[in-house]
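Let me begin by presenting the structure, written as structure tokens, before commenting on it.
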Amino acid sequence: MFSNLKDTPIQRKLMSVMLLTSSFVLVLMCGAYLVFEYYSFKSNIKNDVSTLGIVIAANSSAALAFDSQQDATEILGALKANAHIVSACLYDESGRQFARYPSTISAQDVPGKPQKSGYRFESGYLIGYQPVLQNNERMGTLFIKCDLDAMNDQILRFLLVGCVLIVISLFAAYLVSQTLQRAISAPILALEQTANMISKDQNYAIRAVKTGKDEIGSLTDAFNHMLSRLEKQNLEIMESEEASSKLAAIVETSNDAIIGQTLDGVITSWNKSAERMFGYTADEMIGQPISKMAPAERADENKGILARLSKGERIENFETERVDKYNKLFYVSITVSIVRDSLGNTIGVSKIVRDITEKKQEEIRKNDFIAIVSHELKTPLTSIKAYLQLLLGIAKKEQASFSINALSKAEGQVKKMTSMVQDFLSLARLEGGNIQINKVPFELQLLMQEVVDEAMMLNTQHKLIYNNCGSIIVNGDRDKIGQVLINLLSNAVKYDPDGGEIIVSCDQTDGKVRISITDHGVGISEKDQASLFDRFYRVRNEKVKTVSGFGIGLYLVATIVGYHNSSIKVRSSEGAGSTFYFDLDVIGS
Ligand code: ADP
């Protein structure tokens, strides 16, 4: 019964509990009352019959004394007044039957001899033996037998009334419990209804109504709180799904190839542009290792990229070459970002690949053009320089001061132009990957002296100070280091228009020599310092707007110094001048 109870609806459960409890209490009470009634009836009937016995015994003593059976029978006949007395018998002193009631019964219907005095219940009857006394002398014994029909009738009646009462009470309890159970079941059912509505409509904005401050009230609060959290999470999921689908649309329609890959190089996403650019479809690539597309050296490049990213470096617009499915070479610029999971763990990388073939080809054409023009200019410049030197020699001999002055200036300009052409050629070679660094041991101090002397000859406006550091042998490309020094020195002159002091120094420490060139010119802002060594970068401000240039000098300086395992640095502040410096390894002195 109780196992079924757990599956029945709460309303019925509550009703059953209430009705079962009421029935149990009612039956218990009725039972207790019945037991009480039974015992009190027995005690009452015993009292009544014993009183009757005493009276009859007292009245019978004379009849026994006078041995009058007729009197005795008459006295016993008085028992008729009690319909429940079944039989009675008077025994004389010797225990013989003297008279019987009713007179019609035979001697066998009553005990043959009197037994122990007293009243007791036997075989569904109350029987009693009452001594008959006269002046405290025993004259005989009275036997009375009384049936218990009255008691049985009363118990039966009581049972009937009890049952009717129980039925009426249970009905009343049913009516009351129906109203009372609603107080408990209604809020629970309302809660259930809300939960059903939410699960059906997926509408987490619905709230259960709180009806009290009891446990169900707390349950409603907890349920509503849970709903609020669900609603928020649902909203977040919807937003993130929306954002993801927007992102997916952007990724798909992007002109750049967007490729996702795991840390092991397995491709996880491959958009339409990637298909267009590389010729492989997403189906062909997703789940495949990147090496399917990339030759061995690309796999190494991949490892290098991961190593740089893990060090926290940014990889943006990294330019390189790629080959498509049909072996066509093209140029790309790649930006790589780390992909993390929700816990912040690195799980892969995403690459944005831009096809820069056209731009690259344009650059190649431009570089070729610069290379050709520079190369073509080199020969005429060399012969102009030779003729100028010849003429200068003649003018000096003739001591023609005007000619000497004019020819010296012309020679200076030709040297400037030669240096410019040299820079262009270097740039073109660098871009074409044809730059050659021929490192040989050379005497640094001699090279610096040459460059300083040349600069002094060409420029009389500035005061050039050279802090000679003695004989130092370094290993490097003498011409290229010379180009570096010329570029730095000509910048120091160019960007100090007021003709201040320029200091060229070399300082030797710990197996290295530091070469520095300091001017007291316009200086460079911190912002400009960050891009100073980029190709074609030129500072744009009032002070330098009239100074001509192409923005390749410092780019070449940085590249050449880089080829010598060093880097060019700058210390500068606007209006106070600048110091450019770099270190070289000393291999002897
Ligand atoms: P260019 O001098 O042809 O413009 P560079 O690459 O040599 O190109 O120099 C880049 C920029 O750096 C210049 O435009 C200039 O503004 C700045 N710069 C270079 N050297 C100095 C210097 N010594 N003092 C101030 N500014 C300098």
Side-chain angles (χ1 to χ4, degrees), residues 363 366-367 370-371 373-374 377 412-431 435 448 451-452 454-456 458-459 461-467 479-506 514-564 566-582:
E363 262 175 33
K366 194 176 73 193
N367 283 334
I370 293 172
V373 171
S374 308
L377 282 175
Q413 291 305 318
V414 168
K415 278 189 176 157
K416 260 190 192 174
M417 219 168 146
T418 311
S419 145
M420 223 141 69
V421 166
Q422 183 63 39
D423 276 357
F424 278 128
L425 274 174
S426 300
L427 178 74
R429 284 193 197 119
L430 200 67
E431 301 282 284
I435 195 155
M448 288 181 75
V451 174
V452 170
E454 187 103 325
M456 271 181 185
L458 292 175
N459 169 53
Q461 202 190 348
H462 294 79
K463 187 176 175 205
L464 252 158
I465 302 168
Y466 173 42
N467 294 328
D479 288 348
K480 299 279 185 307
I481 296 290
Q483 200 177 347
V484 166
L485 294 175
I486 292 169
N487 279 348
L488 291 177
L489 207 49
S490 63
N491 275 352
V493 171
K494 254 187 354 186
Y495 297 104
D496 185 5
D498 298 337
E501 215 171 56
I502 294 172
I503 306 156
V504 179
S505 308
C506 61
R514 173 160 293 187
I515 300 144
S516 56
I517 293 161
T518 303
D519 65 62
H520 298 90
V522 294
I524 308 153
S525 71
E526 267 192 41
K527 185 175 150 274
D528 286 318
Q529 284 178 34
S531 319
L532 212 57
F533 302 101
D534 291 352
R535 193 174 49 158
F536 299 127
Y537 186 83
R538 300 212 68 219
V539 173
R540 307 209 177 272
N541 63 33
E542 274 303 307
K543 287 185 195 151
V544 297
K545 70 176 181 188
T546 52
V547 183
S548 62
F550 297 98
I552 55 169
L554 287 185
Y555 170 68
L556 285 174
V557 165
T559 313
I560 293 169
V561 172
Y563 278 122
H564 286 82
S566 182
S567 59
I568 179 83
K569 305 243 167 62
V570 62
R571 241 185 346 253
S572 182
S573 59
E574 272 183 295
S578 319
T579 298
F580 286 84
Y581 60 95
F582 62 96

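Atoms within a ligand are numbered from 1 in the order they appear, just like the ligands themselves.
The ring pair (Phe, Tyr, Trp, His ring centres under 6.0 Å) contacts involving residues 522-555 comprise Phe424-Phe550, where partners must be two or more places apart or lie in separate chains.
Counting protein heavy atoms only, atom 27 (C) of ligand 1 is closest to Tyr495 CD1, 3.5 Å. Scanning the protein heavy atoms around atom 8 (O) of ligand 1, the nearest turns out to be Gly551 CA, 3.1 Å. Residue, atom and distance of the protein heavy atom nearest to atom 23 (N) of ligand 1 are Asp519 OD2, 2.8 Å. For atom 7 (O) of ligand 1, the closest heavy atom belonging to the protein is Asn491 ND2, 2.8 Å. Protein heavy atom in closest approach to atom 4 (O) of ligand 1: Arg538 NE, 2.4 Å.
For ligand 1, the atoms sitting less than 4.0 Å from at least one non-hydrogen atom of Lys494 are 1 (P), 2 (O), 3 (O), numbered in the order shown with element in parentheses. Interface of Tyr537 with ligand 1, defined as ligand atoms under 4.0 Å from a residue heavy atom, comprises 10 (C), 11 (C). Those atoms of ligand 1 with a heavy atom of Ile552 less than 4.0 angstrom away are 6 (O), 8 (O). Near Val522, the atoms of ligand 1 lying under 4.0 angstrom from a non-hydrogen atom of the residue are 25 (C). Close contacts of ligand 1 with Phe550, meaning ligand atoms under 4.0 Å from a residue heavy atom, involve 3 (O).
Geometrically, ligand 1 and Ile524 share no nitrogen or oxygen pair separated by less than 3.5 Å. Close N/O approach between Leu532 and ligand 1 is not found [any backbone or side-chain N/O within under 3.5 Å]. Close N/O approach between Leu554 and ligand 1 is found [any backbone or side-chain N/O within under 3.5 Å].
Contact between Phe580 and ligand 1 is present, with at least one heavy atom of the residue lying under 4.0 Å from the ligand. Contact annotation: Ser578 has at least one heavy atom less than 4.0 Å from an atom of ligand 1.
Contact check on Glu574 versus Lys527 returns no salt bridge, with no Lys/Arg side-chain nitrogen under 4.0 Å from an Asp/Glu carboxylate oxygen.
Not a single donor-acceptor pair under 3.5 Å links the side chain of His462 to the backbone N or O of Pro497. Between the side chain of Lys494 and the main chain of Ser548, a donor-acceptor pair closer than 3.5 Å is present.
Here Val539 has heavy atoms under 4.0 Å from ligand 1 in both its backbone and its side chain.
Other residues, nucleotides and ligands contribute more than 12 heavy atoms inside 6.0 Å of the CD atom of Gln461.
Atom NZ of Lys569 is separated from atom OG of Ser516 by 13.0 Å, given to the nearest 0.5 angstrom. A distance of 6.5 Å separates CE of Met420 from CE of Met417, quoted to the nearest 0.5 Å. Here NZ of Lys463 is found 5.0 Å from CD of Glu501. Values are rounded to the nearest 0.5 Å. Within the model, atoms CG of Leu554 and CD1 of Ile524 stand 7.5 Å from one another, a figure rounded to the nearest 0.5 Å.
Inspection of the Ser525 and Asp528 side chains reveals an N or O donor paired with an N or O acceptor under 3.5 Å.
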